[in-house]
Student: 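This is the structure I have questions about; it appears just below.
We count ligands from 1, going down the list as the structure has it; atoms in each ligand are counted the same way.
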Amino acid sequence: MRRISILGATGSVGQSTIDLIAREPDRFDIVALTGGRNIARLAEDAKRLGAAVAVTAHDECLDDLREALTGSGVEAAAGPRALCEAAARPADWVMSAIVGAAGLEPGLAALDQGATLALANKETLVAAGPLVMNRAARAGATILPVDSEHSAAFQCLAGEDPAQVERLILTASGGAFRDWPLERLAHATPEQAATHPNWAMGQRITIDSASMFNKALEVIEAREFFGLPPDRIEVLLHPESLIHALVGHADGALMAHLGPADMRHAIGYALNWPERAELPVARLDLAEIGALTFRRPDAERYPALDLARQVMARGGLSGAIFNAAKERALDAFIACRLPFMAMADTVAAVLDRAEADAATIDAEMTLENILHADAMARHWADGYILHRTDR
Ligand code: NDP
């Protein structure tokens with residue numbers, strides 16, 4: 001039996017992972033499931049899958065979780081420390097699918113115990129790439145990409161020498177506002193931004209797709225995961241979302257990975273790696289699809305992409321600062337306190353502000369310093385949002 005834990009089990013990626021695992025109950029032994037506020041979902045899945053422990057991130061939700069688990073034999077726990085303890089329980093494979101920087105410490109706990117980490121939480125590598133890679137190497141743990149673009153690139157690179165890679169192309173759908181006139185973006189609402197043309201995902205990543213902050217995070221994630229120089233990582237707009245990544249080799253060959261817009265492909269690949277298993281995803285009918293289209297992303301519409309380049313050139317702890325500022329700007333946009341395009345202004349202002357605090361941005365990459373940089377960036381972002389003059 002393969003011992004499995006799922007961090008962020010109640011979310012979009014977590015539920016797709018459970019969908020796959022529940023199809024083969026005799027193959028997996030569920031150690032821990034974690035969630036946030038969706039206690040009913042967490043408790044139901046923990047009971048159905050026979051998890052050893054269910055953990056909510058929020059202390060105030062513990063009584064509800066205990067009550068929902070009464071008589072089931074599933075242990076209940078709550079709080080950030082309990083999340084890390086659950087992630088540290090011996091397991092062979094751990095899905096990291098918490099949203100945001102909150103996923104970093106539980107992911108590290110899973111790596112430290114030597115588990116294979118299936119990484120959907122891109123924020124982990126954006127905020128702490130070198131630290132995460134070192135911790136994995138020290139524990140002999142494997143990290144497998146679950147972001148569909150990174151999974152696609154990983155599959156294109158199988159058996160290849162990364163040093164021979166000329167370019168890695170990550171595709172992007174362009175999100176909800178791809179075809180909107182630019183002047184309309186100033187009035188875009190959270191509900192409009194949370195509608196993705198192709199993928200069904202959590203609210204935050206869907207809005208990040210509309211702003212391209214999601215792709216900005218993915219470019220940095222790819223740099224950390226594959227160790228490629230930033231100038232070899234490109235972004236290409238591909239509205240059909242059927243090619244997820246392309247890898248260009250030194251001999252001119254361009255290898256593309258195609259698949260349906262269904263996260264169960266990338267999750268299933270990581271679950272069965274290094275083998276392939278039959279997965280319950282649609283098969284592409286290329287004759288039916290007919291044409292695949294591509295174009296370059298527009299820098300004015302998607303300023304997040306330039307900010308990601310700035311972060312990669314800057315180094316230090318700018319990735320943690322970038323991500324935290326983006327999270328606060330996104331919170332403010334969702335709460336209707338910040339216009340859509342002002343999210344990028346906020347992040348740019350925070351990156352500028354960080355330059356005046358070398359002790360934060362140029363601190364050694366330790367967990368403590370990353371958490372400090374993250375907290376400072378949130379503080380700077382809140383200040384910027386409060387005092388903006390363009391309202
Ligand atoms: P969701 O918002 O759907 O789910 C997030 C999960 O994290 C839920 O289980 C949620 O609990 C939990 N959670 C929320 N806040 C906290 C917190 N502070 N501490 C601990 N747990 C918390 O997100 P997605 O599944 O869409 O995305 C998860 C991660 O995977 C993100 O990093 C995203 O970028 C990445 N990803 C997602 C893809 C997708 O298709 N959705 C594709 C590729 C990558 P609850 O809901 O119970 O409150």
Student: Under 3.5 Å, is there a donor on one side chain and an acceptor on the other for Q155 and H257?
Tutor: yes

Student: Under 4.0 Å from a heavy atom of M201: give me the atoms of ligand 1 that qualify, with their elements.
Tutor: 39 (C), 40 (O), 41 (N)

Student: Do you know the tightest heavy-atom contact between L69 and S72?
Tutor: O-OG, 2.6 Å

Student: Between D306 and Q310, does any side-chain donor sit less than 3.5 Å from a side-chain acceptor?
Tutor: no

Student: Could you tell me whether ligand 1 has any atom less than 4.0 Å away from a heavy atom of E123?
Tutor: yes

Student: Mind checking whether F322 and F213 have parallel, tilted or perpendicular rings, split at 30° and 60°?
Tutor: tilted

Student: Report yes or no: does a heavy atom of G14 sit under 4.0 Å from some atom of ligand 1?
Tutor: no

Student: Under 4.0 Å from a heavy atom of L83: give me the atoms of ligand 1 that qualify, with their elements.
Tutor: 20 (C)

Student: For ligand 1, which atoms have a heavy atom of G11 less than 4.0 angstrom away?
Tutor: 1 (P), 3 (O), 4 (O), 8 (C), 9 (O), 25 (O)

Student: Would you mind checking if D382 and R328 are paired as a salt bridge, meaning a charged N to carboxylate O distance below 4.0 Å?
Tutor: yes

Student: Please compare H58, R264, K122 and report which has the shortest non-hydrogen distance to atom 34 (O) of ligand 1.
Tutor: K122

Student: Is it true that the side chains of T366 and N369 contain a donor and an acceptor less than 3.5 Å apart?
Tutor: yes

Student: Do P297 and L305 have side chains that approach each other closer than 4.5 Å (heavy atoms only, starting at C-beta)?
Tutor: yes

Student: How far apart are the closest heavy atoms of D112 and A139, and which atoms are they?
Tutor: O-CB, 3.8 Å

Student: I need the nearest protein heavy-atom contact for atom 3 (O) of ligand 1: residue, atom name and distance, please.
Tutor: S12 N, 2.9 Å

Student: Under 3.5 Å between some N or O of ligand 1 and some N or O of N38?
Tutor: yes

Student: Among M263, E221, E105, H196, which one puts a heavy atom closest to atom 42 (C) of ligand 1?
Tutor: M263

Student: Less than 6.0 angstrom separating the ring centers of H238 and F294, yes or no?
Tutor: yes

Student: Among all protein heavy atoms, pick out the one at the shortest distance from atom 27 (O) of ligand 1; state its residue, atom name and that distance to 0.1 Å.
Tutor: V13 CG2, 4.3 Å

Student: For atom 46 (O) of ligand 1, what is the nearest protein heavy atom, given as residue, atom name and distance?
Tutor: T10 OG1, 3.5 Å

Student: Would one find an N or O of N214, backbone or side chain, under 3.5 Å from an N or O of ligand 1?
Tutor: no

Student: Please report which non-hydrogen protein atom sits nearest to atom 48 (O) of ligand 1, along with the residue it belongs to and the distance in Å to one decimal place.
Tutor: R37 N, 2.8 Å

Student: What atoms of ligand 1 come closer than 4.0 angstrom to any heavy atom of N121?
Tutor: 32 (O)

Student: I'd like to check which ligand 1 atoms, numbered from 1 as shown, lie under 4.0 Å from a non-hydrogen atom of G202.
Tutor: 3 (O), 26 (O), 41 (N)

Student: In the protein, what heavy atom is nearest to atom 14 (C) of ligand 1, and what distance, to one decimal place, separates them?
Tutor: V99 CG1, 3.8 Å

Student: Under 4.0 Å from any heavy atom of A120, which atoms of ligand 1 are there?
Tutor: 30 (O), 32 (O), 35 (C), 36 (N), 44 (C)

Student: Could you tell me which non-hydrogen atom of C156 sits nearest to which non-hydrogen atom of M255, and how far apart they are?
Tutor: SG-O, 3.6 Å

Student: Taking all non-hydrogen atoms of both residues, which atom of A270 and which atom of W93 are closest, and how far apart?
Tutor: O-NE1, 3.1 Å

Student: Any idea which atoms of ligand 1 are less than 4.0 Å away from a heavy-atom of A102?
Tutor: 17 (C), 18 (N), 19 (N)

Student: For atom 29 (C) of ligand 1, what is the nearest protein heavy atom, given as residue, atom name and distance?
Tutor: I98 O, 3.6 Å

Student: What protein heavy atom sits nearest atom 43 (C) of ligand 1, and how far away is it?
Tutor: D147 OD1, 3.0 Å

Student: Please find the pair of heavy atoms, one from A101 and one from N323, that lie closest to each other, and give the distance.
Tutor: CB-ND2, 3.8 Å

Student: Would you say that I4 contacts V94 through its side chain, given a criterion of any heavy-atom pair below 4.5 Å between the two side chains?
Tutor: no

Student: Considering only protein heavy atoms, which is closest to atom 28 (C) of ligand 1, and at what distance to one decimal place?
Tutor: A97 O, 3.3 Å

